[in-house]
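To start, the structure itself, in C-alpha cells.
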Protein chains: 2
Amino acid sequence: MVTIYDIAKQANVSAMTVSRVINNTGRISDKTRAKVRHVMEEMNYVPNAMARSLVLQKTNIVSLLVTDITNPFYTTLARGAEDAARAHGYKLLLGNSDEDLVKEKEYIETILSTRVDGVLLTPASDNSKEQLEALMRHGTPFVAIDRDVPGITCDAVVGDSVGGARKLIDHLVELGHRVIALVGGTFDVSTARERHDGYREALEANGLPYDEQLVFQTGYRLQDMEQAVERLFALNPAPTAILAGNNLLALGLLQSFRRRGIETPGQMSIVTFDSLGYRDLIDPLFTTAEQPAYRFGELGITMLIERIEGRAEVQPRRKVLLNELIIGSSTGEPQP
Amino acid sequence: MVTIYDIAKQANVSAMTVSRVINNTGRISDKTRAKVRHVMEEMNYVPNAMARSLVLQKTNIVSLLVTDITNPFYTTLARGAEDAARAHGYKLLLGNSDEDLVKEKEYIETILSTRVDGVLLTPASDNSKEQLEALMRHGTPFVAIDRDVPGITCDAVVGDSVGGARKLIDHLVELGHRVIALVGGTFDVSTARERHDGYREALEANGLPYDEQLVFQTGYRLQDMEQAVERLFALNPAPTAILAGNNLLALGLLQSFRRRGIETPGQMSIVTFDSLGYRDLIDPLFTTAEQPAYRFGELGITMLIERIEGRAEVQPRRKVLLNELIIGSSTGEPQP
DNA sequence: TTGAAAGCGCTACCAG
DNA sequence: CTGGTAGCGCTTTCAA
C-alpha cells in the first residue's frame with residue numbers, strides 16, 4: 001500500500017509536506033505542491049482514512065440504524081439520510097435491527113467500536129433505553145428518529161402520531177363508522193402508543209365509546225396478526241373499520257381479509273400511516289396519514305451533524321414533522 | 001476514551017495481556033483473564049476497531065454500492081447482502097450511486113480511502129470500467145452484481161437477462177401478439193443490452209421480424225420515457241405489447257398509458273423484469289421475469305468474502321441466477 | 001517554507 | 001503464562 005512516505009521519498013520532500021499538500025494546511029510553495037500532487041497522481045495515492053481518524057479522533061462516518069430496511073418508509077428515510085450525509089461530507093454506515101433488541105445491541109457495539117462520529121437510529125422499543133445509555137456513556141452523539149424512548153432526553157425527529165390518528169379516525173367517523181378497531185404495534189413502541197392515544201382521543205371527541213375489546217396489540221410482524229383478525233370478527237357488534245398501526249400491518253390486514261373473502265372498503269375500511277409507494281398502482285390505495293419520510297432522514301442527519309460539530313444548542317432538540325391525510329380507496333361508508 | 005492501557009493499569013497487567021484477553025489468543029491464566037474481563041466491564045471498554053484495522057490491515061467492512069436504493073430489487077438485494085455480511089462478521093457500508101458515474105466515482109474514492117476489505121457493486125454502466133480498474137489497481141477485491149462490464153473480468157453475480165427476455169416474448173407471442181416493442185434502458189448497461197438480445201432472439205425464433213423502429217433506448221429514469229411513448233403510438237402497425245427494461249420503466253409506461261386512457265392489458269400488454277413487491281396489492285400485477293433479489297445480495301457477499309479470505313479459486317467466478325416467469329394481469333390477448 | 005519527533009490505540013514478534 | 005518493543009499511516013507540535 002502506498003503511504004505518504006512513499007510519496008515523500010519519490011518527491012524528495014518530507015512526509016509532513018505531503019500531509020500538508022493533502023490537507024491544504026500550512027504554507028507550501030507552488031512548486032513543491034505541484035510536484036507532490038504529481039507524484040500522488042502517478043502513484044495512485046489514496047489517503048488512509050483510518051490512520052487519519054486514529055490521530056484526529058474523527059471518522060466522518062455516521063451510522064443509520066433502522067428497524068426494517070424493506071419498509072418503504074425507512075428506505076425513503078435512508079435515502080434522505082444518505083443525501084444529507086453526503087452533502088455534509090460524511091459517510092453512512094447502514095444497519096438493520098429488524099425490530100430485534102439483540103441485533104440492535106450488537107449493532108450499537110459495532111458502532112461504538114467503529115468510533116463513528118454519530119448515530120441516527122430508530123429505537124426498536126422502549127427497551128432500547130439501555131443501548132441509548134451506552135451511547136451516552138461513550139459520548140457518542142445520536143438522534144432518535146421516528147420513535148421516542150421514555151426516560152431518555154435526546155435530540156429527536158418524530159412524527160405527529162397523535163394528530164395523525166385523530167385525523168384518520170375523524171375521517172372514518174365522518175364516513176359514518178361507529179365501531180372502529182385498532183390493530184397496532186405493541187405498546188412498548190412510542191408510535192404505537194401515541195397512535196393509540198390519538199385513536200382514543202378522537203373517539204371521545206366524537207362522542208364514541210372507547211372499548212378495550214377493539215384494541216389489538218400485535219407485533220409489527222405480519223404473522224402475529226392472524227389471531228387478532230380471528231377475534232376481530234367474533235366481536236359483537238363487529239367493527240366496520242380499522243386503524244392499522246403502520247403500513248405493513250395495513251397490508252397484512254388487507255391480505256388476511258382477502259383470504260377470508262372480506263372486501264375493502266365494502267365490508268371493512270382500513271386507514272393507516274405512511275404508504276407503500278406506487279401510489280398509482282396499489283389497489284386499494286390506503287387512506288393514510290403520510291409522513292415526510294425523506295425529510296425524517298434529511299433532518300435527522302442534519303441535526304446529528306450539527307450536534308457532532310458543536311453547532312447545536314446544548315439543550316436536546318425535538319422536532320415534530322407533521323403528516324398529511326391522503327384519502328385513498330381503502331375507506332368508504334359502512335355497509336348497512 | 002478508555003484504551004487497553006487504562007484496562008491494563010487498573011488490572012495490574014500489561015497491555016499485551018489485555019489484548020490477548022480481548023482476542024482470545026495465547027495462553028492466559030483463568031484468574032488473569034477473569035480480572036481483565038471484570039475491569040473491561042467495569043470501565044465500559046469497547047475496542048477501537050480503527051486502531052485494530054490499522055495494524056491488522058483488515059477492516060472487516062465490506063461496501064455495497066447500488067444504483068438505486070429506492071428500487072425494491074436493490075432493497076431486497078441489500079437485505080440479502082446485509083444478512084450475509086453479518087453472518088460472516090462483516091459490517092456493511094452502503095452507498096447509492098443513483099446511476100451516476102460521478103457519484104459512483106466519489107464513492108469508490110471513499111471506499112478506497114476507508115480501506116474496506118471488499119466491494120459489492122452494481123456498475124452504473126459500461127463506463128464504470130475505470131472505477132473497477134481503480135479497485136483492481138489497489139488490490140481491493142470486488143464482485144460485480146446484476147451487471148457486467150465489458151473488458152473487466154471479475155467475480156460476478158448476474159441474472160439471465162437473455163433467457164428472461166425470451167420467456168417474456170414467448171409468452172406474449174403465445175397470447176397472439178405479433179408487434180412487440182422494447183422500451184429498455186440505454187445499451188451501455190449490460191442488462192439492457194442482453195434483454196434486447198433476448199428480445200431479438202425470441203422474435204426470430206418465433207418467426208417474427210425484428211424491427212428497429214420498435215426498439216426504444218431510454219434512460220432508466222421515468223421522465224426520459226414520454227417521448228418514447230409518443231413515438232410508440234405513431235407507429236404503423238402499432239405494437240400491442242411492450243417489453244419494459246426493468247420494473248420502474250414498466251411502472252412509468254403504465255402510468256403514461258393511464259394518462260392517455262390506454263388500458264393495460266386491453267390495449268397494451270406489458271412485461272418486464274423483477275417486481276415492485278406487494279404482489280397481492282398491485283393492479284395490474286406485472287407479468288415479469290422475476291429474479292431472486294435477496295439471493296443476489298447473499299451470494300454476492302458470500303463470493304466476496306470467500307475472495308477476501310483467500311478461499312476462492314484464483315479464476316474469477318461468474319454465477320448466473322435464473323429468473324422465474326410470473327404471469328400477472330398486465331398481459332392478455334391483443335385486441336382485434 | 002520545510003522537517004523531525006512523538007503519539008493516536010492496537011497487535012505481531014521476540015524475550016523471559 | 002506474561003511483558004517489552006516496534007510499527008501500522010497519519011497529523012500535531014515544535015524547531016529550523
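Keep in mind that what you see is a predicted model, and the values were worked out from it rather than measured. Labels below follow one simple rule: chain letters A, B, ... track the order of the sequence lines, proteins then strands, and each chain is numbered from 1.
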Integer-rounded Å distance: [N] [atom2] and [X] [atom1]:
| X | N | atom1 | atom2 | value |
| --- | --- | --- | --- | --- |
| M16(A) | dG9(D) | CE | P | 17 Å |
| K9(A) | dC10(D) | NZ | C1' | 17 Å |
| K58(B) | dG9(D) | NZ | P | 17 Å |
| I22(A) | dT12(D) | CD1 | P | 12 Å |
| R52(A) | dT12(D) | CZ | C1' | 12 Å |
| L54(A) | dG9(D) | CG | P | 12 Å |
| N23(A) | dT1(C) | CG | C1' | 17 Å |

- Considering only dA12(C), dG9(C), dT2(D), which nucleotide approaches the side chain of L56(B) most closely? dA12(C)

- Among dT11(D), dC10(D), dG3(D), the nucleotide that comes nearest once only the side chain of V13(B) is considered: dG3(D)

Looking at [N], I'd like to know if its phosphate oxygens (OP1 or OP2) sit under 4.0 Å from a side-chain N or O belonging to [X].
| X | N | answer |
| --- | --- | --- |
| S29(B) | dT2(D) | yes |
| S14(B) | dT2(D) | no |
| T32(B) | dT2(D) | yes |
| Q57(B) | dT11(C) | no |
| R20(A) | dT1(C) | no |
| R27(A) | dT1(C) | yes |
| S19(B) | dC10(C) | no |
| T17(A) | dT2(C) | no |

- Message: So does Q131(B) get a backbone contact from the side chain of S128(B), meaning a donor-acceptor N/O pair under 3.5 Å?
- Response: no

- Query: Under 3.5 Å, is there a donor-acceptor pair between the side chain of T114(A) and the main chain of V116(A)?
  - Reply: no

- Atom CZ in F73(B), atom CG in D146(B): separation rounded to 0.5 Å? 4.5 Å

- Task: Looking at every strand, decide which applies to I4(A) at a 4.0 Å heavy-atom threshold: base, sugar-phosphate, or nothing.
- Result: base

- Query: Which part of the nucleic acid, if any, lies within contact of T25(B), taking any heavy atom under 4.0 Å across all strands shown: a base, the sugar-phosphate backbone alone, or nothing?
  - Reply: nothing

- Message: Going by salt bridge (Lys or Arg N to Asp or Glu O under 4.0 Å), name the pairs with one or both residues in residues 49-64 of chain A, residues two or more places apart or in two chains.
- Response: K58(A)-D117(A)

- Item | Base dG9(D) to side chain R115(B), donor-acceptor N/O within 3.5 Å cut-off | no

- Message: Could you check whether any side-chain heavy atom of M40(A) comes within less than 4.5 Å of a side-chain heavy atom of V36(A), counting everything from C-beta outward?
- Response: yes

- Item | Interface residues of residues 33-51 of chain A with DNA chain C (non-hydrogen, below 4.0 angstrom) | none

- Task: Please check if any side-chain donor atom of Y45(B) sits under 3.5 Å from a side-chain acceptor atom of D6(B), or the reverse.
- Result: no

- Can N96(B) and Y74(B) be counted as having a side-chain donor-acceptor contact under 3.5 angstrom? no

- Item | Salt-bridge present (K319(A), E298(A); N to O < 4.0 Å) | no

- Query: In terms of the nearest nucleotide of DNA chain D, which residue is placed more toward the 5' end: Y5(A) or N12(B)?
  - Reply: N12(B)

